[in-house]
**Q** 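Quick one: this structure, given as structure tokens, is what I'll be asking you about.
Indexing begins at 1, ligand by ligand and atom by atom, following the structure's order.
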Amino acid sequence: MQFRTALVSSILAATALASNSTVTSATSSSYATPSASGTATCTYSKGYTATAAADIQKIVGCSTFDGDIYIEGDAITSVNLANVEQIVGSLTVNSATQLTSFVADSLIAVSDTLTLTNLTILEDLELPRLYKVGSLQFQALPAVGVLSFTNGLEEVGSILISDTSLTNITGMVFTTADTIDINNNNDLESFEISTLKTVSTALGVTYNSEDIDVAFEDLIWANNITFRDVSSISMDNLTAVNASLGFFNTSVESIVLDNLETVGGTLSITGNSDLAEIDMSSLTSIGGAFIISNNNDLQSINGFDSLKTVGGAITFTGDFTNATLSSLSSVKGGATIESTGDLDCSAFNKLSKKGAIQGKGYKCTSPHTSVSAKASKSTSSGSSSSSDSSSSSSTSTSKAAGDIVATSFGGIFAAFALSFF
Ligand SMILES: *[C@@H]1O[C@H](CO)[C@@H](O)[C@H](O)[C@H]1NC(C)=O
Ligand SMILES: *[C@@H]1O[C@H](CO)[C@@H](O)[C@H](O)[C@H]1NC(C)=O
Ligand SMILES: *[C@@H]1O[C@H](CO)[C@@H](O)[C@H](O)[C@H]1NC(C)=O
Ligand SMILES: *[C@@H]1O[C@H](CO)[C@@H](O)[C@H](O)[C@H]1NC(C)=O
Ligand SMILES: *[C@@H]1O[C@H](CO)[C@@H](O)[C@H](O)[C@H]1NC(C)=O
Ligand SMILES: *[C@@H]1O[C@H](CO)[C@@H](O)[C@H](O)[C@H]1NC(C)=O
Ligand SMILES: *[C@@H]1O[C@H](CO)[C@@H](O)[C@H](O)[C@H]1NC(C)=O
Ligand SMILES: *[C@@H]1O[C@H](CO)[C@@H](O)[C@H](O)[C@H]1NC(C)=O
């Protein structure tokens, strides 16, 4: 245990500054707005570890802290970083089991990662002025109530908020992010970032409160989007998803993304029990698999009137009675359409017949076809008979291409410790 690693040179200066030396010589700050007003720079190139209140006191006067700060241990009950305005490095508060309050009223910027983890009784978390952070990682904070970036968090690399008791997070006003992963926050009932325009790696809101409303009104594109267990979604401006887009086990009643033009990877709409309407009327191509399955209330698969190409396989399963893809002309994979409703397969049979379904395995089954539709799988009813036959013409019970992997992607975040400085 390295307690006082680098208290070497700066200790006297820092102690003196704790009582506010009002020096006014201007140091140029490394970012424009807002700027650090203090002038005291403390440099701890090997990092600074605080395990007692006195250790915190020694750095509260550092308006700029150059180095990494670690706060940990059972002896600290509250942290007030007082005058610390920017940290050129990271700030890590981990497993401080008696910590109830963390206040950083002056903190404007953290260049690397701001981590708060395993703080089991932390209730009061105050970062009102935080404006810029490389990566924000809040994990295992089961007592914290609200998080409000009062002055507006404008720049962020990645955000992971997981296993917290947060009910609402306000003041996120950034326009771009690498990764946003909000998972397992059981009390979180709303998550919105109205300024967000692009997400370059992944956006996931998964396993939070079942009642969570999610809104990214200005989002134009994201590399990857995953929603699980959300109750409403609003992303009216979304035009492109570069990789996959997935809706799993949500309670949304409608998915309206009528500006969405392309999905580069897999589109999955699976296990959404209340879903009754999908509108993706501008969507022209799906690069990967196209999966709509087990959405109990979904009667019709329509709302895909512009869809021309599917790069993977189509898998539709459920109780739907209508599946209409009026512009579809090319499916690189196979197609498996299994309806327990009264579906007419003739349109799909026609597509298959004219070679639009290029991959291995075509199958369309429904009780509408005949009672023997099921049996025809095992027997060899290669029904190349009448073109209007809506029965199965499958050659094999192909497995759906495009594996759906929907997990909370907690693990990948460690990789994003961006530095803006
Ligand atoms: C230090 O300055 C801040 C304002 O920058 C003020 O709120 C605080 O009370 C001062 N602390 C001391 C010990 O003078
Ligand atoms: C948090 O605590 C759990 C259980 O005590 C431990 O397994 C985990 O490694 C801790 N996480 C961190 C980041 O220290
Ligand atoms: C969360 O905060 C936002 C912004 O202040 C507010 O509009 C919204 O109503 C809040 N949601 C809840 C569930 O409190
Ligand atoms: C998002 O859509 C709304 C309504 O269609 C529009 O007013 C707004 O300008 C759009 N925002 C962006 C960034 O395109
Ligand atoms: C994602 O697609 C958008 C719109 O086509 C494009 O502007 C953006 O550069 C793409 N992003 C990535 C990470 O490929
Ligand atoms: C779906 O969500 C419900 C709670 O709404 C949960 O009980 C169930 O286990 C979830 N199913 C899956 C497959 O995640
Ligand atoms: C299926 O839905 C489409 C589009 O809503 C509609 O034009 C068509 O008549 C429906 N077909 C059946 C058999 O209900
Ligand atoms: C996109 O999300 C899915 C599901 O969470 C994941 O399997 C995949 O690796 C992600 N892809 C990228 C490029 O992040």
Side-chain angles (χ1 to χ4, degrees), residues 113 132-137 153-160 172-183 191-206 214-228 233-248 255-269 278-291 303-312 327-333 401-420:
T113 305
K132 182 172 192 170
V133 62
S135 170
L136 196 72
Q137 307 222 348
L153 178 60
E154 292 217 14
E155 288 185 36
V156 74
S158 291
I159 291 195
L160 166 63
M172 286 184 292
V173 293
F174 47 88
T175 54
T176 69
D178 268 355
T179 299
I180 298 173
D181 181 0
I182 309 299
N183 74 74
F191 188 74
E192 59 184 277
I193 308 176
S194 58
T195 47
L196 186 67
K197 288 191 175 9
T198 64
V199 178
S200 57
T201 301
L203 168 59
V205 181
T206 55
V214 176
F216 306 109
E217 299 284 5
D218 261 7
L219 186 65
I220 297 165
W221 65 262
N223 187 53
N224 207 8
I225 302 181
T226 308
F227 293 117
R228 184 180 277 275
I233 297 164
S234 175
M235 298 191 293
D236 294 348
N237 287 2
L238 188 70
T239 60
V241 175
N242 312 68
S244 342
L245 171 60
F247 304 84
F248 304 99
I255 296 174
V256 178
L257 296 174
D258 54 0
N259 287 309
L260 180 63
E261 291 165 10
T262 60
V263 173
T266 295
L267 172 59
S268 298
I269 302 174
I278 305 172
D279 180 351
M280 298 195 185
S281 48
S282 301
L283 183 64
T284 56
S285 72
I286 296 172
F290 182 18
I291 300 161
F304 295 95
D305 286 345
S306 305
L307 184 65
K308 290 191 178 63
T309 60
V310 174
S327 302
L328 189 65
S329 57
S330 167
V331 180
K332 292 276 180 340
D403 296 341
I404 314 166
V405 184
T407 53
S408 67
F409 32 96
I412 65 179
F413 292 86
F416 308 109
L418 296 197
S419 176
F420 290 123

**Q** Got Ile278 and Phe247 here, is their nearest side-chain heavy-atom distance under 4.5 Å?
**A** no
**Q** Between Thr201 and Asn223, is there a side-chain donor-acceptor contact under 3.5 Å, judged purely by atom types and distance?
**A** no
**Q** Checking the side chain of Ser282 only, and the main-chain atoms of Leu260 only, is there a donor and an acceptor separated by less than 3.5 Å?
**A** no
**Q** Do the side chain of Asn224 and the main chain of Ser244 share a donor and acceptor less than 3.5 angstrom apart?
**A** yes
**Q** Please list, in number order, the atoms of ligand 5 under 4.0 Å from a heavy atom of Asn242.
**A** 1 (C), 2 (O), 3 (C), 8 (C), 10 (C), 11 (N), 12 (C), 14 (O)
**Q** Write out the residue and atom name of the closest protein heavy atom to atom 7 (O) of ligand 5, then the distance separating them to 0.1 Å.
**A** Trp221 NE1, 3.6 Å
**Q** Which heavy atom of the protein is the closest neighbour of atom 5 (O) of ligand 5, given with residue, atom name and distance?
**A** Ala240 CB, 4.2 Å
